[in-house]
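Have a look at the structure below before the remarks.
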Amino acid sequence: MQAPRVSYVHEWLAEWGGSEDVTRAMLAAVPGTALHATIDFLSPQNRARFGDVPIRTTFLQRAPWARTRFWNYLPVTPLAVETHDLRGADIIVSSSHAFAKGVLTTAEQLHVSYVHSPMRYAWDLHHEYLADYRLDRGAKGLLARYLFHRLRQWDRQTANNVDLFLANSRHVQRRIWRAYRRFAQVLYPPVAVDRFRFQAAKGDHYVTVSRLVSYKRVDLLLEAFRAMPQRRLVVVGDGPEMPRLRATCPPNVELMGFQSDDVVQQQLGSARAFLFAAHEDFGISPVEAQACGTPVIAYGVGGSRETVRDLRSEVRPTGLLFDAQTPASLQAAIEAFDAASIDPQDCRRWAEGFGEAVFRERFARILGEAWAAWRRDPSSVEAALGLGGNLQAPSRDLQA
């Protein structure tokens with residue numbers, strides 16, 4: 001029997017990030033005949049990570065200033081996605097955090113959509129985005145609100161074109177249900193745990209590795225350590241928040257800026273604990289820290305509840321979750337952490353459950369099961385994978 005032809009759809013290829021790495025791993029697990037994206041401005045080195053799969057773009061590739069001002073084309077991006085010609089595919093896999101799931105399909109095609117997040121600026125973070133870009137008032141504000149209103153309608157409508165949703169965490173699984181009223185299979189994204197060396201011996205400093213943007217809440221870490229002058233924090237990363245953080249940085253916090261992979265490895269491996277104050281859908285950096293054998297102290301919402309085994313409730317814990325995004329809550333968590341003991345080996349073993357080999361095997365198996373169910377009865381795909389009643393069910397058992 002001839003193997004099904006698989007085509008992949010990605011949002012846009014502007015720079016390399018987490019969603020691009022997921023698409024790369026999916027292609028490595030189940031090769032495709034083509035990779036479709038609205039634009040492709042990747043460097044030759046990053047483009048080569050996808051292998052020799054042909055990359056096909058849309059009319060936005062030739063639009064003026066598309067490379068530097070792509071967000072100006074937000075109103076027509078749904079139209080661009082709908083121009084992808086996927087007639088040669090039996091299976092379509094979309095890697096979506098905004099528009100990719102909106103591709104047009106036929107009744108003879110299975111569409112599996114891996115959702116990194118429903119459109120955050122249209123749903124959960126709508127008001128925050130309007131405020132950040134000063135679009136929360138005036139004529140521009142009314143126009144922006146109308147645009148996002150139409151995007152939400154389009155986003156929900158195009159969910160009907162998806163036969164099987166995959167979510168990158170149980171947190172996103174619940175958001176998919178709220179936005180689209182559809183069940184999703186959880187498949188955690190691949191983390192390059194093998195790239196990080198285990199280190200049992202720890203120093204006395206705490207560390208965070210993060211892009212310095214407002215929602216990462218690095219400012220909260222600085223305020224907590226201002227009240228704990230006997231402890232030391234190292235911040236690795238750069239971004240638009242750097243000037244403001246430098247202006248308010250206490251003497252026991254070191255802002256290192258962007259650093260090489262070797263420096264990141266050294267800081268992660270030798271730290272007493274990794275700090276994470278953001279509300280993320282998944283959060284790769286805490287898993288990378290645990291791959292080094294370093295426990296994590298994280299804000300206990302979103303993906304952190306799935307990637308960190310809490311000291312207060314789990315056997316073989318790998319960290320501690322704090323309850324509120326406040327300096328006082330973080331301080332209390334650090335003090336509780338210092339009074340406890342966590343085995344670095346447990347951290348490494350837990351992180352290995354999120355490795356790329358696990359992701360590839362799981363993705364290939366899900367796609368095979370979905371295709372077999374689709375050929376029997378297109379309406380039975382979700383049921384064949386056990387979906388339909390439990391929004392908490394994980395995609396696999398990570399080792400305890």
Side-chain angles (χ1 to χ4, degrees), residues 17-19 21-22 97-98 115-121 123-129 131-133 167-175 188-189 191 206-226 233-245 248-249 253 255-259 264 267-268 271 273-292 294-310 318-334 337 347 351 354:
S19 64
D21 211 46
V22 170
H97 55 76
V115 176
H116 307 275
S117 170
M119 216 180 289
R120 297 188 75 171
Y121 37 85
W123 296 101
D124 296 67
L125 298 181
H126 173 63
H127 298 289
E128 287 86 344
Y129 271 90
D132 285 348
Y133 290 96
N168 78 344
S169 64
R170 293 198 297 274
H171 180 66
V172 168
Q173 181 193 48
R174 291 190 291 271
R175 293 180 57 216
Y188 295 117
V191 181
Y206 297 81
V207 70
T208 192
V209 179
S210 174
R211 178 160 167 74
L212 303 184
V213 292
S214 59
Y215 83 92
K216 295 290 189 178
R217 296 308 314 270
V218 177
D219 60 324
L220 185 154
L221 306 184
L222 267 60
E223 288 307 306
F225 275 76
R226 188 187 308 279
L233 171 66
V234 174
V235 178
V236 180
D238 205 348
E241 287 282 287
M242 177 64 90
R244 186 172 74 89
L245 295 175
T248 60
C249 187
V253 176
L255 299 176
M256 296 187 71
F258 177 81
Q259 297 294 325
V264 171
Q267 291 294 331
L268 285 179
F274 180 88
L275 304 185
F276 192 71
H279 180 173
E280 288 277 21
D281 295 321
F282 177 73
I284 286 177
S285 56
V287 180
E288 294 174 338
Q290 291 171 86
C292 297
T294 299
V296 175
I297 302 173
Y299 179 41
V301 298
S304 295
R305 294 180 62 88
E306 302 170 55
T307 60
V308 180
R309 295 179 63 83
D310 192 4
T318 65
L320 193 149
L321 302 176
F322 59 95
D323 300 324
Q325 272 184 318
T326 64
S329 183
L330 174 57
Q331 288 171 237
I334 291 174
F337 172 83
C347 296
F354 295 94

Can Ile334 and Phe225 be said to form a side chain to side chain contact (heavy atoms under 4.5 Å, CB included), step by step? CA-CA 10 Å; Ile334 291 174; Phe225 275 76; 3.8 Å; yes
Determine the minimum heavy-atom distance between [X] and [Y], stating which atoms define it.
X: Gly319; Y: Pro295; answer: CA-CB, 4.4 Å
X: Thr294; Y: Leu268; answer: OG1-O, 2.6 Å
X: Val172; Y: His116; answer: CG2-O, 3.5 Å
X: Ile297; Y: Ala273; answer: CD1-CB, 4.0 Å
X: Ala271; Y: Val207; answer: CB-CG1, 3.4 Å
X: Glu241; Y: Ser214; answer: CG-N, 3.6 Å

What residues, two or more places apart in sequence or in another chain, satisfy side-chain contact (heavy atoms from CB on, under 4.5 Å) together with [X]?
X: Val213; value: Arg211, Tyr215, Lys216, Pro240
X: Ala277; value: Arg217, Leu220, Leu221, Phe322
X: Glu223; value: Arg226, Pro327
X: Asp310; value: Arg312, Ser313, Leu320, Leu321

Looking at [atom1] of [X] and [atom2] of [Y], how far apart are the two atoms once the value is rounded to the nearest 0.5 Å?
X: Leu212; Y: Leu255; atom1: CG; atom2: CG; answer: 7.5 Å
X: Arg305; Y: Ser169; atom1: CZ; atom2: OG; answer: 12.0 Å
X: Ser117; Y: Phe282; atom1: OG; atom2: CZ; answer: 14.0 Å
X: Asp219; Y: Cys249; atom1: CG; atom2: SG; answer: 12.0 Å

Evaluate the side-chain proximity of [Y] to [X]: yes if any heavy-atom separation is below 4.5 Å, no if none is.
X: Thr307; Y: Tyr188; value: no
X: Val264; Y: Glu288; value: no
X: Val115; Y: His97; value: no
X: Val235; Y: Met256; value: no
X: Leu275; Y: Leu233; value: yes
X: Glu280; Y: Ser304; value: no

I'd like to check the side chain to side chain donor-acceptor pair (under 3.5 Å) partners of Gln331; sequence neighbours left out, ordered by chain and number.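 Partners of Gln331 under the side chain to side chain donor-acceptor pair (under 3.5 Å) test: none.
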Report the residues that fulfil side chain to side chain donor-acceptor pair (under 3.5 Å) with Thr318, sequence neighbours left out, ordered by chain and then residue number.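 Scan of Thr318 (side chain to side chain donor-acceptor pair (under 3.5 Å), adjacent residues dropped) gives Gln290.
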Quick one: are the ring centres of Tyr206 and Phe274 less than 6.0 Å apart? no
Could you label the plane-to-plane angle of the His279 and Tyr299 rings as parallel, tilted or perpendicular, counting under 30° as parallel and over 60° as perpendicular?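 Perpendicular.
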